[in-house]
Structure formats: structure tokens, C-alpha cells
Amino acid sequence: MAKVSLLLFSLFIIVASAIINGSAAVEKVGIYELKKGDLSVKFTNWGATIVSVFLPDKYGKMGDIVLGYDSVNDYKNDTSYIGSIVGRVANRIGGAQFTLNGVHYKLIPNEGKNMLHGGPIGFSDVVWKVNKYKKDGYSPSIVFAYDSYDGEEGFPGALRVTVTYTLYPGNRLTVRMKAKALNKATPVNLAQHTYWNLGNHNSGDILSEQVQIFASHYTPVNSQLIPTGKFAAVKGTPYDFLKPHTVGSRINKLENGYDINYVIDGVDGKLKKAAVVKDKKSGRVMELFTNQAGVQFYTANSLKDVKGKDGYVYEPHGALCLETQAFPDSVNHPNFPSTIVYPGKEYKHVMVFKFSISS
């Protein structure tokens, strides 16, 4: 999922938005670390991004299981949303437009005529404020905050957003995304866009990793990856991961790889298991739980010659993403669950990553 990199313009917008929000100073960009037991996670407030996740494998050897870069400046030039929070609306909006309460809104397209992950300068390309940083105790955590102004990338209304990353015993990483509409109704659909490779970020492709997705249906898309508005059963298709399969077992039946939204079974706003990923060689297992209705399964199809950590070069299928979310282009499909947040109401999105070892 590629984006247009507009660093200088992005920095101008950050300064302008800071002034609009009553602050003339730009928040300092830094690196922050949380540790609990065997789990160590680093973040940057550029894009509220996960920079690294260190875990031991079945032999006790530590390894970094997410793709990333060596410096913060590299994240500023990133074109693949690596590790970041994306929004105000994650995924795609067809035609970069929608109508809400009788008003037609034209957004800023950044993928042909469509909008992807919030536009040319979405939440992944802004500096977030560090509201709280607790390194120690039972549940170390960090809270990032961002005030999105009315009209940012074309979206209506001011929006106050927080993302809280917390580590818990048992090698659990929890992500809590919240947003409050301050003065107008607006669509909100945040997503966490980490690229996972349980074998280690520099271990090659993820085609041998085993994936299970607890979804009987998916939302079919057109040639521009915009949902048609219909639902389709995964049974009998390459999208069927109801039982565990390796990523590579049927990927050759798709043109580029996986980049599709699944309709998670049984989600009613409560926490449910969405997916499980296992890497046989390292023994690492990742279980994902969420309160969202959908999860985008993406196999890093657009990565090509991306210079990452320690000089390692990332290529297509070098990682996988499991982005829990509302359905893509929901603003243009009345039959999809609504993504509209009204003033006085709060958007709440929870993800729980539970890591373990299997022999």
C-alpha cells in the first residue's frame, strides 16, 4: 500500500496545524521504549509508530519481528506506512469523496482518483504529542495524542485522537485508539499498520508463515481495490484461512498477493479473536484480538528495494499486515457498518497482540 511522500509540504502542514491548534511549537520527534518480561517495544511519535518489537524465539534468541528503519528521519520519508497509525480514515475512499448529512465533501486523492489512509498527509505523517510515558510497573505504557483540524485533507470537523500502547504480563501488547469529534460529524477509521515477520525483520519472505483468519466472508473489490459493496464467502477461494494455511499455499492464484478486508465472525463491538500467525522455524506465535468488524490482510505487495534496519532490503512479501478496522469505503456504502462519529460520541478501537512460543 504505497503513498505519496511529501516531506517538505508535510512539515509545513504540521507547523500550520500546530498554530491552528493554538501552539506555535512543533513537538520534538523522539524514540521511546517499553519493556515487560521478554517483550521490548520501541516507538516514535512521528506517526505514533511502532519501530521495533523484540521477542525471543524457541531457542531463546532475541529478534526484531517488525519491519522498520534505523532513524526517525527514515520514517519521515517512508512511503509504505511502516508501523504507523493511519487515518483519519484508514484504507480507501472511492473517488476521494462522500456525502454526509446532505453535504458533499471532496477529499485530497493520493492513489489515482481515490484516497488511501487519510490522504497525502494522513496521521502517519504528522508529529504526535506524547501525553504520558510510563516505563515501569505492572503495565508500562505510552499515550500519543493528535488534534486534527477541521478541513484537514478535506475531512469535516476537528477531531481529538489518542493512541495508547500498553505492555501486559504474558507478552501482550495492547493498542487503544480513541477519537472525539469536537464540532462536526465526521468519518473515523483508524488502523495500526505494522509489518510483521515472526521469523525476524531480516529473515526473508513470510510465505511459509501459517495464518488463520476467523472470517467466513470478505468484501470483494474492483480493479482499484475499492469495495463493490457486496459480501462474498471465503469458502472455495484463495481467501479462505478459516483453517490455518501458509501464506504461500495459494498466493499464486492472486495477481499480486493479499490485500483484502475480511469480515470477522461474531464481532459485536466486543473483543474477539481475529487472526493467528505462526512461524514454524522460530516457533513464534502471534494472536490478534480486536473489537472491530474487519481486518485487512496485506502481504506487503508494494514493498520493493526498501532499505530497512541494518541495511537489510525489504522486498514484496517480506512481511504481512493485519490491520483491524471498519470496512473500507464505508462512507459510500450504506449497507456497511457506519464509521461516522458525532460530537459527544467517542470512537474506540482496541487491538491486543499476544505473543507465545510453539515447539
Side-chain angles (χ1 to χ4, degrees), residues 31-37 39-55 64-68 75 81-91 117-118 122-124 126 128-135 138-146 159-180 188-196 198 264 267 269-277 286-298 319-326 339 346-356:
I31 298 290
Y32 306 85
E33 185 175 18
L34 299 177
K35 291 183 178 181
K36 185 70 178 180
L39 180 60
S40 171
V41 187
K42 288 184 179 179
F43 311 87
T44 176
N45 55 324
W46 180 272
T49 297
I50 292 177
V51 171
S52 64
V53 177
F54 277 89
L55 274 174
D64 185 357
I65 61 171
V66 302
L67 273 56
Y75 285 94
Y81 309 93
I82 288 180
S84 64
I85 295 293
V86 294
R88 173 179 308 195
V89 174
N91 217 303
H117 290 331
F123 291 177
S124 59
V126 297
W128 293 60
K129 182 180 179 181
V130 180
N131 266 5
K132 185 178 179 181
Y133 181 32
K134 187 179 73 170
K135 297 182 180 181
Y138 178 82
S139 53
S141 65
I142 189 165
V143 181
F144 296 112
Y146 179 67
L159 190 73
R160 182 158 294 160
V161 186
T162 62
V163 177
T164 304
Y165 294 102
T166 309
L167 303 188
Y168 290 100
N171 288 339
R172 288 179 294 154
L173 166 63
T174 295
V175 187
R176 292 183 176 88
M177 295 168 258
K178 295 183 179 181
K180 289 183 178 180
V188 180
N189 181 24
L190 307 180
Q192 214 298 327
H193 207 296
T194 290
Y195 286 68
W196 301 95
L198 298 189
I264 302 170
V267 169
K270 297 180 181 179
L271 209 60
K272 296 285 178 68
K273 185 181 289 189
V276 180
V277 183
M286 181 178 77
E287 298 172 81
L288 171 60
F289 303 79
T290 188
N291 66 342
Q292 295 297 289
V295 58
Q296 188 86 7
F297 178 44
Y298 175 57
L320 59 84
C321 302
L322 289 164
E323 308 153 56
T324 63
Q325 59 177 2
T339 56
E346 188 175 43
Y347 166 91
K348 296 180 180 179
H349 180 169
V350 181
M351 306 175 77
V352 178
F353 297 95
K354 183 179 179 183
F355 302 99
S356 59

Heavy-atom pair with the smallest gap, counting every atom of Ala48 and Phe144: CB-CD1, 3.8 Å
Arg172/Lys354 under side-chain contact (heavy atoms from CB on, under 4.5 Å): CA gap, chis, key distance, verdict: CA-CA 5 Å; Arg172 288 179 294 154; Lys354 183 179 179 183; 3.9 Å; yes
Stepwise side-chain contact (heavy atoms from CB on, under 4.5 Å) test for Thr290 and His349: CA-CA 8 Å; Thr290 188; His349 180 169; 4.0 Å; yes
Over all atoms of both residues, closest heavy-atom pair of Lys134 and Ser139: CE-O, 3.2 Å
Closest approach of Thr166 to Arg176 (non-hydrogen atoms, all atoms of both residues): OG1-NH1, 4.1 Å
Enclosure of Lys42 NZ (heavy-atom neighbours >12, cutoff 6.0 Å): no
Interatomic distance, Asn131 atom CG to Ser141 atom OG [nearest 0.5 angstrom]: 11.5 Å
Close side-chain approach of Thr194 to Val53, heavy-atom, < 4.5 Å: no
Leu320 vs Tyr298, side-chain contact (heavy atoms from CB on, under 4.5 Å): CA-CA, chis, key distance, verdict: CA-CA 6 Å; Leu320 59 84; Tyr298 175 57; over 6 Å; no
Glu33 CD to Phe43 CZ distance, which is reported to the nearest 0.5 Å: 9.5 Å
Heavy-atom check, side chain of Val89 versus side chain of Thr339, under 4.5 Å: no
Euclidean distance, Met351 CE relative to Asn291 CG, rounded to 0.5 Å: 10.0 Å
Criterion side-chain contact (heavy atoms from CB on, under 4.5 Å) on Ile85 and Gln192, from CA distance to verdict: CA-CA 5 Å; Ile85 295 293; Gln192 214 298 327; 3.6 Å; yes
Lys178 atom NZ, over 12 foreign heavy atoms within 6.0 Å: no
N/O donor-acceptor pair under 3.5 Å between His193 side chain and Ile82 backbone: no
Nearest non-hydrogen partners of Asp64 and Ser52, listed with the distance: OD2-CB, 3.4 Å
Nearest non-hydrogen partners of Tyr138 and Pro169, listed with the distance: CE1-CG, 3.5 Å
Rounded distance [0.5 Å steps], OH in Tyr146 versus CZ in Phe123: 6.5 Å
Side chain to side chain, Tyr347 and Asn189, heavy atoms closer than 4.5 Å: yes
Gap between atom OH of Tyr168 and atom CG of Leu39 - 0.5 Å precision: 13.0 Å
Minimal non-hydrogen separation, Thr162 against Ala145, with atom names: CG2-CB, 4.1 Å
Glu323 and Tyr81 side chains, donor-acceptor separation under 3.5 Å: no
Any donor-acceptor pair under 3.5 Å from Tyr32 side chain to Asn45 backbone: no
Euclidean distance, Lys135 NZ relative to Ile142 CD1, rounded to 0.5 Å: 9.5 Å
Within the 6.0 Å centroid threshold, strictly below: Trp196 and Phe355: yes
